[in-house]
Amino acid sequence: MSTAPKTWKEWEKPLIELEEALGKLQELANRATGTERDRLLEKIKGFEKRRDRYLDTKYHNLSAWEEVLLARAEPRPYTLDYINALFRDFIELQGDRRHGPDNAILGGPAFFNGQRVMVVGHQKGRTISERTHRNFAMSRPEGYRKAIRLFEMADRFNLPVISFIDTPAADPSVESESRGISEAIAASMLSMFELRVPTIAVVIGEGGSGGAIGIGIGNKVLMMEHAIYSVIPPEGCAAILWRAPERGAEAADALRLTSRSALELGLADEIIPEPRGGAHRDPAVAAESVGAAIQMHLDQLCKMSPDALKQHRYERFRSVDGLREASPSDLPLGK
Amino acid sequence: MRLGAKSKTPTFSDAFLQCARCKKTLFRREFEANLSVCPYCSHHHRLSAAQRIAITFDVDSFVELDSDLASDDPLSFPEYSEKLAGAVAKSDRLDGIVCGTATIGKLPVSIAVSDFGFMGGSMGRVAGEKITRTLERGADRGIPSIIFCASGGARMQEGLLSLMQMAKTTAAVERCRSAGTPYIAVFTDPTMAGVLASYASIADVILAEPRALIGFAGARVSKQAQVVKAPDDFQTSEFLLKHGMIDRIVPRKELRDTLESLVALLGGGK
């Protein structure tokens with residue numbers, strides 16, 4: 001376990017070397033003519049095959065810990081990348097009407113394939129200044145209170161809600177505690193349970209505990225193939241259990257936080273396949289898959305009545321762990 | 001009877017104990033008569049679920065339900081089965097939530113009490129199910145629900161299944177709201193993380209015992225995240241009251257009467 005990688009770049013290293021070599025060969029081929037050119041093109045094809053084979057084997061056999069690192073990788077598409085690729089006329093609405101703006105959760109109405117919807121999602125940053133601006137996608141209470149406003153508005157104007165989940169956790173700062181981060185998360189979930197429009201939650205990267213489920217009450221919960229969903233960050237789990245945060249890889253295994261585990265446990269409804277080598281290798285194709293999955297579920301859900309949608313969401317989360325039918329409670333007092 | 005233990009000479013700790021806060025030596029009998037509150041510094045010591053029920057609800061009114069729900073180890077999580085078996089053996093219960101029906105001031109209520117002694121009152125599938133059934137019973141029968149919280153948060157050994165309890169219990173709160181039945185939460189030491197960020201914080205009325213630890217982030221994460229130094233009362237009942245997150249701090253000896261009045265005032269059903 002001491003050999004567990006620290007970043008996703010470790011296993012992409014041979015790939016980067018291979019792709020550099022490919023680039024050079026391509027340059028040579030461009031300048032060459034006749035049989036020399038054919039020979040080089042043949043070689044390129046061979047290298048590409050080797051690359052694809054590496055990607056296929058590697059990315060189909062990632063350990064839970066590698067999935068964690070990949071889910072956190074900064075080139076992965078973020079909420080705004082999906083919004084830009086899949087939605088038209090997105091108008092971000094920023095006010096929580098209580099305290100102030102929050103840049104870790106954004107949202108607003110938009111057109112999705114011509115249909116009016118409300119989009120809400122966590123937003124990460126790539127550069128240091130972006131990350132700080134987004135508070136590392138750790139939302140403060142204002143983010144959830146803004147989300148509640150958007151959910152309620154969606155309900156009034158009959159817009160289905162699409163939420164994108166990608167957060168390490170909700171913001172644990174003193175300020176967030178004093179403004180009621182716990183209440184904000186709980187109230188946001190409660191608000192989603194009250195909705196009479198379809199809700200679809202898509203875990204696109206990190207599904208980090210309460211901060212994630214705060215906007216995760218979907219009639220359908222979808223997960224990207226290389227997304228994770230966990231009750232606690234693996235390092236935190238290892239710190240509590242073994243007083244050894246460096247044993248995150250072991251904790252990741254134990255927590256069963258991969259998309260495949262979530263599907264097996266019945267906690268996710270569908271896994272959205274990612275392009276070969278992960279969503280960051282081909283964001284356009286990744287977005288296309290996300291769009292297709294959302295459209296498919298949206299079509300199904302839009303056939304349901306408002307009351308049925310609310311009831312369906314309740315049933316989904318009420319029965320999700322299989323305990324509802326376990327030893328039905330006796331009712332000595334009668335109803 | 002601690003002092004009447006057969007074939008065993010009473011020891012010092014049978015008759016005395018030390019206050020966890022001010023460290024003064026207390027007479028056990030006096031301490032228990034004072035509802036486990038230190039007579040010197042008024043520190044509210046943690047109560048077991050049984051003790052809590054005994055001092056809160058009408059005598060002999062409690063009917064326990066769902067006591068046969070047992071936690072298992074759905075993820076085969078390292079060391080979890082052993083820990084669980086240990087907690088069961090120590091407590092003689094299958095999980096940390098005790099729930100059922102009772103009366104307070106002769107009015108029927110659906111109740112759940114969390115026992116911190118059982119794996120830190122952590123919320124796994126069974127705890128979440130019992131909280132959910134408690135709230136649903138309140139909604140179905142048109143009676144108020146009262147939940148005493150005491151928990152370190154979600155039970156990480158059940159992974160994502162534990163996280164889902166936050167959603168499930170929140171859904172149950174929604175049922176109470178739809179049914180128009182009151183839900184009263186009492187935060188006791190400690191009320192943390194996944195429990196605080198789900199059913200606990202969205203009760204109609206939230207009471208807290210004095211100086212209980214109440215917060216979202218555990219001490220370790222919280223320290224790391226502190227750019228601004230936390231105030232001395234950070235994550236206490238007093239801090240939450242000051243910020244409008246709870247309704248009242250109620251000393252233990254007044255809690256029963258306050259709950260009785262609230263149940264009578266908010267009534268049961270529409």
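Values reported hereafter were calculated over all heavy atoms of this structure, with side chains retained and with hydrogens, waters and symmetry mates removed. Keep in mind that this is a model prediction, so the values were computed, not measured. So that the names make sense, note that chain A is the first sequence line, chain B the second, and so on, each numbered from 1.
For B:Glu79, the part lying under 4.5 angstrom from a heavy atom of chain A is the side chain only. At a 4.5 Å heavy-atom cutoff, the contact between B:Met245 and chain A is made by side-chain atoms alone. Residue contact with chain A, scored on non-hydrogen atoms closer than 4.5 Å, involves the side chain of B:Lys83 exclusively. Both the backbone and the side chain of B:Phe216 come within contact range of chain A, with heavy atoms under 4.5 Å apart. Residue A:Ala212: no heavy atom, backbone or side chain, is found under 4.5 Å from chain B. For A:Ser230, the part sitting under 4.5 Å from any heavy atom of chain B is the backbone (N, CA, C, O) and nothing else. For A:Leu255, the parts sitting under 4.5 Å from any heavy atom of chain B are the backbone and the side chain alike.
Taking the side chain as every heavy atom from C-beta outward, A:Arg318 and B:Glu136 approach each other to under 4.5 Å. By the 4.5 Å heavy-atom criterion applied to side chains, A:Arg98 and A:Arg179 are not counted as neighbours. With a 4.5 Å cut-off on side-chain heavy atoms, B:Met119 and B:Ser71 do not count as touching. The closest side-chain heavy-atom distance from B:Ile143 to B:Thr181 is not below 4.5 Å.
Looking only at heavy-atom pairs under 4.5 Å with chain B, the residue among A:Gln311, A:Met138, A:Arg316 that has the most is A:Gln311. Among B:Val126, B:Leu196, B:Thr169, the residue making the largest number of heavy-atom pairs under 4.5 Å with chain A is B:Leu196. The candidate from B:Glu158, B:Met166, B:Gln157 with the greatest count of non-hydrogen atom pairs under 4.5 Å with chain A is B:Met166.
Note that CG of A:Asn219 is 15.0 Å distant from OH of A:Tyr314, once rounded to the nearest 0.5 Å. Within the model, atoms CZ of A:Arg149 and CG of A:Asp96 stand 8.0 Å from one another, a figure rounded to the nearest 0.5 Å. Taking CG of A:Asp321 as the reference point, atom OG1 of B:Thr132 lies at 8.0 Å (rounded to 0.5 Å).
The interface of residues 186-195 of chain A with chain B, defined by heavy-atom distances below 4.5 Å, comprises A:Ala186, A:Ala187, A:Met189, A:Leu190, A:Phe193, A:Glu194. Chain B is approached within less than 4.5 Å, heavy atom to heavy atom, by no residue from residues 196-205 of chain A.
Take A:Ser176 and apply the side chain to side chain contact (heavy atoms under 4.5 Å, CB included) test, not counting sequence neighbours, and it matches A:Arg140, A:Pro141, A:Asp171, A:Ser173, A:Ile181. A:His312 meets the ring-ring contact (aromatic ring centres under 6.0 Å, His included) test with no other residue; sequence neighbours excluded.
A:Arg324 has a carboxylate O that lies under 4.0 Å from a charged side-chain N of A:Glu315, or vice versa, which qualifies the two as a salt bridge. Salt bridge B:Glu64/B:Arg93: present, at least one basic N to carboxylate O contact under 4.0 Å. By the 4.0 Å N-to-carboxylate-O rule, A:Asp166 lies close enough to A:Lys124 to be salt-bridged with it.
With hydrogens and angles ignored, the 3.5 Å screen pairs no side-chain donor or acceptor of B:Asp247 with any backbone N or O of B:Leu207.
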> Yes or no on salt bridge (charged side-chain N to carboxylate O under 4.0 Å, His left out) for B:Arg133 and B:Glu129, after CA distance, side-chain angles and deciding distance?
Replying inline: CA-CA 6 Å; B:Arg133 289 187 187 187; B:Glu129 182 67 20; 2.8 Å; yes

